[in-house]
Amino acid sequence: MTNDFPQTLTIAGTDSGGGAGIAADLKTMQMRHVFATMVVVAVTAQNTLGVQDAFPMPTKMIDEQFASLAADLNIRACKTGMLADAEHVKAIVRNLKKYDFGPLTVDPVMIAKGGAPLLSEDAISVVRDELVPLADLVTPNLPEAEKLTGMTITTEDEMVTAGKKLQALGAKNVLVKGGHFNSADEANDFALLADGKSFWMTAPRVDTHNTHGTGDTISACITAERAKGHTMEEAIRTGKAYVEATIRDGINVGHGHGPLNHWAKIKEDD
Ligand SMILES: Nc1ncnc2c1ncn2[C@@H]1O[C@H](COP(=O)(O)OP(=O)(O)O)[C@@H](O)[C@H]1O
Ligand SMILES: Cc1ncc(COP(=O)(O)O)c(N)n1
């Protein structure tokens with residue numbers, strides 16, 4: 001048996017409402033034609049209105065999920081999402097050092113759209129000092145980039161400076177996402193690659209509340225493209241095009257910040 005079909009892993013939290021976290025990751029990976037596996041770090045009781053409760057897994061179960069995957073699967077790219085607290089971030093770091101699951105995308109999830117914390121405050125320095133240096137790519141939104149760099153980000157120049165600081169922290173490649181940027185017309189992201197190349201990806205801002213799971217979706221799409229062997233630049237550009245399509249061709253589910261349309265196509269023949 002060859003066991004060589006592209007296989008990916010998401011290390012994150014569940015969203016009972018199906019819009020973000022592991023649910024968004026699996027849907028995205030499925031749509032991008034890779035096989036998706038998961039390590040469940042935490043379970044949340046959540047819907048489009050907010051996070052009602054969260055329960056981190058015992059770290060022994062984290063170790064066991066990693067061991068199960070390593071014993072059987074051939075994972076070529078992985079990503080992290082909600083990691084709950086410092087103890088769990090350390091457990092993930094320990095396992096990522098133990099097993100080779102290919103290039104790692106770190107989506108440093110901290111706070112849900114509704115304001116609920118998904119990472120405890122004391123875990124931020126552990127993410128910065130121990131997880132980010134393992135990252136092939138780190139994909140913070142603006143509040144996350146502010147927490148990791150200690151700077152305030154209100155201009156595009158400051159997004160560029162933050163990107164450089166994040167690379168200096170040890171991430172090979174950086175994508176600073178501009179969804180939280182104070183602009184009514186655009187949602188622009190800044191990418192800084194390992195070889196020093198940088199570029200902006202511009203997109204019209206869609207006027208919608210249905211943006212639950214955007215960060216998960218772009219990072220999962222990038223992870224899928226990496227597992228298929230695409231370059232970092234190709235993967236990042238596909239990620240941006242896919243998340244833009246899932247927002248633009250939206251669906252209405254729930255009463256709050258609704259989920260994305262993961263069936264959306266980047267191109268007609270996709
Ligand atoms: N209203 C919107 N219209 C178009 N693109 C958006 C919109 N909101 C977010 N995006 C894009 O979705 C991706 C993730 O967005 P962002 O809100 O920055 O991250 P997060 O979901 O992690 O908070 C980025 O590519 C961002 O530019
Ligand atoms: C389990 C889990 N992981 C990640 C997010 C972030 O998604 P968003 O920022 O779009 O609410 C979330 N709400 N829940």
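Each ligand, and each atom within it, is numbered from 1 in the order the structure gives.
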Provide the number and element of each atom of ligand 1 under 4.0 Å from a heavy atom of Lys240.
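Ligand 1 atoms under the 4.0 Å threshold to Lys240: 25 (O), 26 (C), 27 (O).
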Who's touching ligand 2 if we go heavy atoms under 4.0 Å?
Gly13, Thr14, Ala20, Gly21, Gln46, Met82, Val109, Ala112, Lys113, Leu118, Thr211, His212, Gly213, Thr214, Asp216
For ligand 1 and [X], I'd like to know whether there is a polar contact (N/O to N/O, distance under 3.5 Å).
X: Thr211; answer: no
X: Asn141; answer: yes
X: Thr208; answer: no
X: Asp107; answer: no
X: Ile218; answer: no

How far is [atom] from the closest protein heavy atom, and which atom is that?
atom: atom 26 (C) of ligand 1; result: Asp189 OD1, 3.7 Å
atom: atom 9 (C) of ligand 1; result: Gly179 CA, 3.7 Å
atom: atom 12 (O) of ligand 1; result: Thr214 CB, 3.7 Å
atom: atom 22 (O) of ligand 1; result: Lys177 NZ, 2.7 Å
atom: atom 10 (N) of ligand 1; result: Ile247 CD1, 3.7 Å

If you count every heavy atom of other residues, nucleotides or ligands that lies below 6.0 Å from Asp195 atom CG, does the total exceed 12?
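Enclosed.
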Is it true that atom CG of Asp207 has more than 12 heavy atoms of other residues, nucleotides or ligands lying nearer than 6.0 Å?
no
Distance under 6.0 Å and angle within 45° of ring axis: Arg237 vs Phe199:
yes
Which is it for [X] and ligand 1 at heavy atoms under 4.0 Å: side chain, backbone, both or neither?
X: Glu244; value: neither
X: Val206; value: both
X: Lys113; value: side chain

Among side-chain atoms of [X] and [Y], is any donor-acceptor pair under 3.5 angstrom?
X: Gln46; Y: Asp53; answer: no
X: Thr154; Y: Glu158; answer: yes
X: Asp15; Y: His212; answer: yes

If you link I, L, V, M, F, W and Y whenever their side-chain heavy atoms are under 4.5 Å apart, who else ends up in the same group as Met29?
Val34
Whether Trp200 and Phe190 hold their rings parallel, tilted or perpendicular, with breakpoints at 30° and 60°:
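Tilted.
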Classify the ring geometry between His262 and Tyr242 as parallel (under 30°), tilted (30 to 60°) or perpendicular (over 60°).
tilted
Would Ile75 and Thr37 count as a side chain to side chain contact (heavy atoms under 4.5 Å, CB included) if you check the C-alpha gap in whole Å, the side-chain angles of each, and the deciding distance to 0.1 Å?
CA-CA 9 Å; Ile75 291 163; Thr37 69; 3.6 Å; yes
Among Ala112, Gly250, Ala145, Pro204, closest by any non-hydrogen atom to atom 4 (C) of ligand 1:
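Shortest heavy-atom distance from atom 4 (C) of ligand 1: Pro204.
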Heavy-atom proximity to atom 13 (C) of ligand 1, picking from Thr246, Val243, Leu175, points to Val243
Run the numbers on Met201 and Glu244 for side chain to side chain contact (heavy atoms under 4.5 Å, CB included), then give the verdict.
CA-CA 11 Å; Met201 295 183 297; Glu244 189 188 343; over 6 Å; no
Hphob cluster co-occupancy, Val253 + Val206, side-chain heavy atoms under 4.5 angstrom:
no
Are the side chains of Leu96 and Leu131 in contact, using a 4.5 Å heavy-atom criterion?
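Side chain of Leu131 against side chain of Leu96, heavy atoms only: contact under 4.5 Å found.
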Any sub-3.5 Å donor-acceptor pair from Asn188's side-chain atoms to Ala203's backbone N or O?
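A pair under 3.5 Å: yes.
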